[in-house]
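Notes follow the structure.
First the proteins, then the strands, lettered A, B, ... as listed; each starts at 1.
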Protein chains: 2
Amino acid sequence: MGRVSDKRERLVESATKLFHQAGLKDTSIADIAEDSGVPLGNVYYYFKTKEDLVAAVIEQRTEAIKNEARKWDENPDPRQRLLNLLDLQVSKKDEIAQYGCPIGSMCQELDKERPPVASEADGLMEWVLKWITRQFKEMGQKQADQFGLQLTAALQGCGVVANALKDPKIVEREIARLKTWIKEM
Amino acid sequence: MGRVSDKRERLVESATKLFHQAGLKDTSIADIAEDSGVPLGNVYYYFKTKEDLVAAVIEQRTEAIKNEARKWDENPDPRQRLLNLLDLQVSKKDEIAQYGCPIGSMCQELDKERPPVASEADGLMEWVLKWITRQFKEMGQKQADQFGLQLTAALQGCGVVANALKDPKIVEREIARLKTWIKEM
DNA sequence: GTCTATATGTTGATAGAC
DNA sequence: GTCTATCAACATATAGAC
């Protein structure tokens with residue numbers, strides 16, 4: 001057995017980028033093949049269908065966010081964990097203003113599709129909601145469930161509004177407010 | 001000149017419904033023709049391209065929300081106007097949990113497209129943000145801009161989360177909180 | 001204005017040589 | 001495992017009879 005090809009990896013990477021930028025429907029397999037430098041016909045050796053490729057993209061995004069969370073979870077202060085999440089989001093403000101929140105837009109676009117692909121993306125949103133809620137619980141907040149929903153919705157919402165108005169400052173302003181809110185708890 | 005045909009109207013109505021339920025890309029002209037009972041070829045007498053039909057749908061949605069707002073604006077109490085908006089949103093909780101917020105999802109889907117269609121939908125979101133902000137201003141709130149963004153984002157955000165988790169109760173809970181917040185101002 | 005038939009283009013997916 | 005050529009399906013849009 002020789003060197004392992006990185007083509008599969010490159011395909012997922014290109015698909016992740018293009019799906020977010022142009023949307024699922026407007027990104028053809030040919031687009032992904034070209035962007036990743038893999039010949040069209042060869043794509044189907046790694047992914048039997050486009051749906052399989054979409055599933056791989058969701059899996060990759062899921063792993064990425066869970067890895068971030070694992071890092072944050074090493075911090076003993078749940079308040080600081082939330083602030084880390086908010087800081088990450090602010091750092092992506094330009095991307096969010098241009099193309100929307102990667103998780104939110106993917107859930108929305110996939111919800112118009114059939115299961116099981118949709119539920120995988122939705123599962124990621126649910127995981128985020130639960131992770132955020134857990135931090136409030138560990139802070140001893142009795143209204144942890146409400147605050148968890150409130151913060152998750154605020155994050156998604158400022159993404160939608162910032163994307164519609166094409167203004168990264170909207171993400172900045174709203175998340176600055178959220179950080180103050182959490183610090184003052 | 002005889003009776004005016006209502007075909008154009010029926011086409012826009014079907015398109016509005018199907019675009020929201022299935023998404024723009026997954027709704028073909030043939031689908032809209034079938035749903036409205038208009039023969040395929042005849043669609044093009046009323047709308048030269050699919051993009052024209054999309055533009056008509058956005059226009060229709062814009063008129064609908066502006067008409068609602070005109071009614072609410074007759075009320076002298078800006079606080080009550082906001083509560084009316086929130087009540088309307090709660091009444092649509094099932095639709096939102098199933099298909100997402102009509103305005104938010106349309107903005108997001110169109111943003112992946114090219115102008116000028118996208119900017120029309122985005123303009124609607126901006127109009128909503130400004131209308132909400134104006135109510136806070138008329139309430140004498142010095143932080144009206146911040147509250148306007150906060151409420152708009154919260155509304156959009158609970159739509160995204162409710163849609164991902166397919167749970168209308170999420171809309172209910174989050175908007176109940178927002179109503180309390182506004183009443184206590 | 002209305003409708004059928006069809007042109008035209010693009011996409012997801014496959015066949016089969018290497 | 002890799003790649004070219006191509007198929008089959010479907011979408012938008014048009015032609016042209018009525």
Side-chain angles (χ1 to χ4, degrees), chain A residues 1-59 106 109-110 112-118 120-121, chain B residues 1-58 106 109-110 112-118 120:
Chain A
M1 99 185 187
R3 216 173 65 57
V4 174
S5 165
D6 63 340
K7 280 182 179 165
R8 187 192 160 92
E9 195 180 335
R10 267 161 44 213
L11 283 167
V12 175
E13 194 181 347
S14 288
T16 300
K17 180 181 72 178
L18 294 177
F19 285 165
H20 185 212
Q21 292 180 355
L24 283 161
K25 295 288 165 189
D26 274 343
T27 303
S28 68
I29 303 283
D31 292 333
I32 297 165
E34 192 190 352
D35 187 81
S36 59
V38 176
L40 178 58
N42 202 357
V43 174
Y44 289 90
Y45 174 78
Y46 296 98
F47 300 98
K48 211 171 144 55
T49 65
K50 187 178 183 180
E51 198 174 322
D52 287 348
L53 185 43
V54 172
V57 167
I58 299 173
E59 217 171 321
M106 179 154 281
E109 199 167 6
L110 283 169
K112 314 277 179 175
E113 304 272 318
R114 277 160 284 287
V117 209
E120 291 178 41
Chain B
M1 103 186 183
R3 216 174 65 57
V4 174
S5 165
D6 64 339
K7 281 181 177 165
R8 188 193 159 91
E9 196 179 334
R10 269 164 39 215
L11 283 168
V12 175
E13 195 181 346
S14 288
T16 301
K17 181 181 74 178
L18 295 177
F19 284 164
H20 185 211
Q21 292 180 356
L24 283 161
K25 295 288 166 189
D26 273 343
T27 303
S28 68
I29 303 283
D31 291 335
I32 297 165
E34 192 190 352
D35 187 81
S36 58
V38 176
L40 177 60
N42 202 358
V43 174
Y44 289 89
Y45 173 77
Y46 296 97
F47 301 98
K48 213 171 142 56
T49 65
K50 187 178 183 180
E51 197 173 323
D52 287 349
L53 185 44
V54 171
V57 167
I58 298 172
M106 178 155 283
E109 200 166 6
L110 283 170
K112 314 278 181 176
E113 305 272 317
R114 277 159 284 289
V117 210
E120 292 178 40

Whole angstrom is fine here: how far is it from [atom1] in [X] over to [atom2] in [N]?
| X | N | atom1 | atom2 | value |
| --- | --- | --- | --- | --- |
| B/Tyr44 | C/dT8 | OH | C1' | 12 Å |
| A/Ile32 | C/dT11 | CD1 | C1' | 12 Å |
| B/Ile29 | C/dA5 | CD1 | P | 20 Å |
| B/Tyr45 | C/dT4 | OH | P | 17 Å |
| A/Asp26 | C/dT10 | CG | C1' | 12 Å |
| A/Asp52 | C/dA13 | CG | C1' | 12 Å |
| A/Glu34 | C/dT11 | CD | P | 12 Å |
| B/Lys25 | C/dG12 | NZ | C1' | 16 Å |

Exceeds 12 heavy-atom contacts within 6.0 angstrom, atom CD of B/Glu9: no
Give one of base, sugar-phosphate or nothing for A/Phe47, where a contact means two heavy atoms less than 4.0 Å apart. nothing
Got a sec, which residues hit salt bridge (Lys or Arg N to Asp or Glu O under 4.0 Å) with A/Lys112, two or more places apart in sequence or on another chain? none
Provide the closest heavy-atom pair for A/Thr27 versus A/Leu18 in the form atom of the first, atom of the second, distance. OG1-O, 3.2 Å
Smallest heavy-atom separation, A/Ala121 atom then A/Leu110 atom, equals CB-CD1, 3.5 Å
Any side-chain to backbone donor/acceptor pair from B/Glu120 onto B/Ile58? Under 3.5 Å, distance only. no
Name the first nucleotide and the last nucleotide along DNA chain D (5' to 3') that come under 4.0 Å of a heavy atom in chain A. D/dG1 to D/dT4
Taking B/Phe47 as the fixed residue, which of B/Ile32, B/Leu53, B/Val54 is the one that meets the side-chain contact (heavy atoms from CB on, under 4.5 Å) rule? B/Leu53
